[in-house]
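To start, the structure itself, in C-alpha cells.
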2 protein chains.
Amino acid sequence: MNKYESIANLLKQHIRDNTYPIGSLLPSQTDLADQFQVSRMTINKAINILTMEGFVSAQRGFGTKIMNRPFWNKNVSPVDQYNGLSAEMRQLNRPIESQIIDFNVDFPDADEQEHLTLTAQQPIYRIIRLRLVDHEPYLLEHTIMPVELVPNLTDEILHHSIYDYLQNKLGLQIAGAYRNIQAAKPDELDMKYLKCQPDDPVLEVAQMVYLKNGQPFEYSHSRNRYDKRSFTELNLRK
Amino acid sequence: MNKYESIANLLKQHIRDNTYPIGSLLPSQTDLADQFQVSRMTINKAINILTMEGFVSAQRGFGTKIMNRPFWNKNVSPVDQYNGLSAEMRQLNRPIESQIIDFNVDFPDADEQEHLTLTAQQPIYRIIRLRLVDHEPYLLEHTIMPVELVPNLTDEILHHSIYDYLQNKLGLQIAGAYRNIQAAKPDELDMKYLKCQPDDPVLEVAQMVYLKNGQPFEYSHSRNRYDKRSFTELNLRK
DNA sequence: TAGTGGTCTAGACCACTCG
DNA sequence: GAGTGGTCTAGACCACTAT
C-alpha cells in the first residue's frame with residue numbers, strides 16, 4: 001500500500017470515529033507531514049483523496065474542514081469502485097442468485113464492434129442473466145464480452161460471479177466504467193422475469209467496463225427494478 | 001491557469017486532432033517533461049487528469065496509450081462540472097425557458113435541516129420550476145436553498161439562471177454535487193406540467209450542491225422526462 | 001502579518017513490461 | 001537490461017484567508 005493511501009485511510013478512520021469531528025479543522029498539512037514523518041506532497045495527495053470522496057473541504061488560506069455527509073449512511077453502494085453486483089451485495093451481506101436466461105456465442109454487430117474495439121470476426125458471448133437479491137428479482141442483465149478475453153466461461157461461473165472469475169482466476173484488473181443511466185418502460189422480458197407491472201418504470205444502465213490496459217471487456221445493459229435500485233455519484237472539484 | 005492543467009488541455013487537443021492517434025503511445029513522461037520544460041511530477045499530474053477523463057490509460061513498465069472513446073461523441077453532457085441546466089444547454093446551443101410553478105419562503109423540516117446543515121429557525125426558499133428545452137417540457141425542479149446564502153432572489157432571476165446569479169453576482173464558487181438517481185412513476189405535477197402519460201416513467205435526481213467552502217447550498221429533486229434526459233458518469237481508477 | 005493550502009522542482013528509488 | 005510510470009522527498013514560491 002502507498003503511503004498516501006494508508007494515510008488517507010487513517011484520516012478517514014479518525015473522521016469516522018470522531019477524532020476529527022464534523023465542522024472542525026484538520027491539522028495543517030505541515031503538521032501532518034511532521035506527525036506522519038512524510039513530505040507535505042504526500043499529505044497533500046492523501047487529502048486530495050479525502051476531498052474527492054467528500055470527507056473534507058480544503059481552502060487555501062484557511063484550512064481543511066471536516067464535512068457533514070448526510071447522504072453517506074444510506075445503503076446505496078458507492079459506484080466509484082465497481083466490482084460487479086456480487087461484490088456489491090456481499091458487502092451489504094445480502095444473498096444473491098443468478099439465473100441464466102440466455103448464454104451463447106455470436107459475432108458482434110457494428111455498434112458492438114465499435115464499443116469493444118473488435119473486428120467482425122472476433123466472437124463474443126451474449127449473456128442474459130436474471131439477478132435476484134434477497135430471493136427477489138432485482139435486475140435483468142444483457143452482457144456482451146469478447147471470447148478471447150474471457151476464455152472458458154461456463155454456466156457454473158455465470159451462476160456465481162463473472163467478476164470473481166476475471167479478477168481471481170484470470171488475473172484481469174478492472175480500471176473502471178463508463179455509464180449511461182436512464183428511465184425506460186418495461187419490455188416483455190422485464191415483465192416476465194423482473195415481475196414488472198406494465199406501468200412500472202425500469203432504470204436502465206448501459207455500461208462499458210475497462211481493464212487497466214485500456215481494453216474494454218464488457219458492454220452491458222442492465223434493467224433494474226425501479227423500487228430496488230438507485231445510483232449515487234459524487235463529483236467534487238478541488 | 002496551472003501548468004499541469006494547461007499541459008493536460010494541450011495534450012487533449014493533440015489527441016482530438018489526431019496528433020496522437022487512438023491506440024498509439026504518448027511520449028514518455030521524461031520526454032514530455034523535456035518538451036514542456038517542466039518537472040516530471042507536473043507531467044504526471046497532467047496525465048492523471050487525462051486518465052480520469054478517459055483520454056489515456058497509463059501502465060507502469062509499458063507506456064501511456066491513447067484510448068478509444070466510443071461513448072464520448074453523444075450529446076449527453078458530462079456531469080462532472082455541474083453549473084446548472086442553463087449552462088448545460090447553452091453549451092449545446094439549445095434554448096431554455098423557466099416557468100415558476102411555486103416560489104415562497106418557509107422553515108426547513110428535519111430532513112432539510114440535516115441536508116443543508118441549518119437550524120429550524122433559518123429560513124429557506126422553496127422553488128418549483130418547470131424547465132423547457134427547445135420549447136418542450138424537460139424537467140420539473142423542486143429546489144430548496146438557504147435564504148441567508150442567496151439573498152434577494154427574485155422572479156426575474158428564477159426565470160433565467162440561479163447559477164449565473166450565484167456565480168457572477170454573488171461570487172459563490174461551486175465545488176460539486178452529490179446525486180442519487182432513480183426511476184419513478186409520474187405524480188400529478190409531472191403529468192400536469194411535464195405532460196407525462198400515466199405510464200411514462202420519470203427519471204428522478206436528488207441532488208445536493210456544495211460550495212467550495214463545504215457549505216451545501218442547494219438540495220433539489222428534479223424530475224426528468226424519460227425521453228429527454230439521461231445521465232452519464234465515468235469512473236476510472238489510476 | 002501569520003498561517004494556510006496549491007503548485008512546482010530536481011532529483012531519487014522502485015515495480016513493472018517487453019524483447 | 002533498458003525503458004516505463006508510480007511514488008516520494010525536501011525544499012521553495014505563491015495566492016489566499018482571517019469564518
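Naming convention: chains lettered A, B, ... in sequence-line order (proteins, then strands); numbering from 1 in each chain. Below, each value reflects all heavy atoms present in this structure, side chains not excepted, and no hydrogens, waters or symmetry copies.
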Exercise for the section: Find out whether B/Phe217 and B/Ile174 are in side-chain contact, i.e. whether some heavy atom of one side chain is under 4.5 Å from a heavy atom of the other. Expected result: yes

Problem - Spacing between A/Lys45 atom NZ and C/dG6 atom C1', to the nearest angstrom - result: 15 Å

Handout entry: Closest contact, heavy atoms only, A/Leu11 versus A/Leu32
Key = CD2-CD2, 4.4 Å

Handout entry: Short side-chain N/O contact from A/Thr42 to OP1 or OP2 of D/dT9, under 4.0 Å
Key = yes

Fill in the blank from the handout: Per the under-4.0 Å heavy-atom filter, residues of residues 2-10 of chain A near DNA chain D come out as A/Asn2, A/Lys3, A/Tyr4

Fill in the blank from the handout: Taking D/dC13, D/dC8, D/dG6 as options, the one with an atom nearest any side-chain atom of B/Met41 is D/dC8

Problem - Atom pair distance, as rounded to whole Å: CD in B/Gln37 and P in C/dT7 - result: 21 Å

Problem - Rounded distance [0.5 Å steps], CG in A/Asp111 versus CD in A/Glu114 - result: 7.0 Å

Exercise for the section: Could you check how far CG of A/Asn213 sits from P of C/dC16, rounded to whole Å? Expected result: 16 Å

Exercise for the section: Ignoring backbone atoms, test whether B/Gln29 places a side-chain nitrogen or oxygen under 4.0 Å from the OP1 or OP2 oxygen of D/dG6. Expected result: yes

Completion exercise
Scanning both residues in full, the closest heavy-atom pair of B/Gln122 with B/Leu118 reads OE1-CA, 3.3 Å

Fill in the blank from the handout: All heavy atoms of B/Leu26 vs all of B/Ile47, minimum pair found to be CD2-CD1, 3.8 Å

Handout entry: B/Thr64 vs A/Arg60, nearer the 5' end of DNA chain D by closest nucleotide
Key = B/Thr64

Handout entry: Nearest-angstrom distance from the residue atom CD1 of B/Ile49 to P of D/dG6
Key = 14 Å

Completion exercise
When rounded to whole Å, the CG to C1' distance for the pair B/Leu32 and D/dG6 reads 16 Å

Handout entry: B/Ser39 side-chain N/O to C/dG11 phosphate OP1/OP2 under 4.0 Å
Key = no

Exercise for the section: Describe the nucleic acid contact of A/Gln59 in one word from base, sugar-phosphate, nothing, applying a heavy-atom distance below 4.0 Å. Expected result: base

Exercise for the section: For a side chain to side chain contact (heavy atoms under 4.5 Å, CB included) with B/Tyr125, tell me which candidate from B/Leu149, B/Val150, B/Ile144, B/Thr143 qualifies. Expected result: B/Val150

Practice task
Could you check which of D/dT7, D/dT4, C/dG6 has an atom nearest any side-chain atom of B/Asn44?
Solution key: D/dT7

Practice task
Whole angstrom is fine here: how far is it from CG in B/Leu26 over to P in D/dG3?
Solution key: 18 Å

Problem - Separation of C/dG3 C1' from A/Leu25 CG (nearest whole Å) - result: 12 Å

Problem - B/Asp34 CG - C/dG11 P separation (whole Å) - result: 12 Å

Handout entry: base_contact_polar (C/dG6 base, A/Arg40 side chain, donor-acceptor, <3.5 Å)
Key = yes

Completion exercise
On DNA chain D, more 5' by nearest nucleotide between A/Met1 and A/Gly61 is A/Met1

Practice task
State, yes or no, whether a side-chain contact exists between A/Ile127 and A/Leu153 at a heavy-atom distance under 4.5 Å.
Solution key: yes

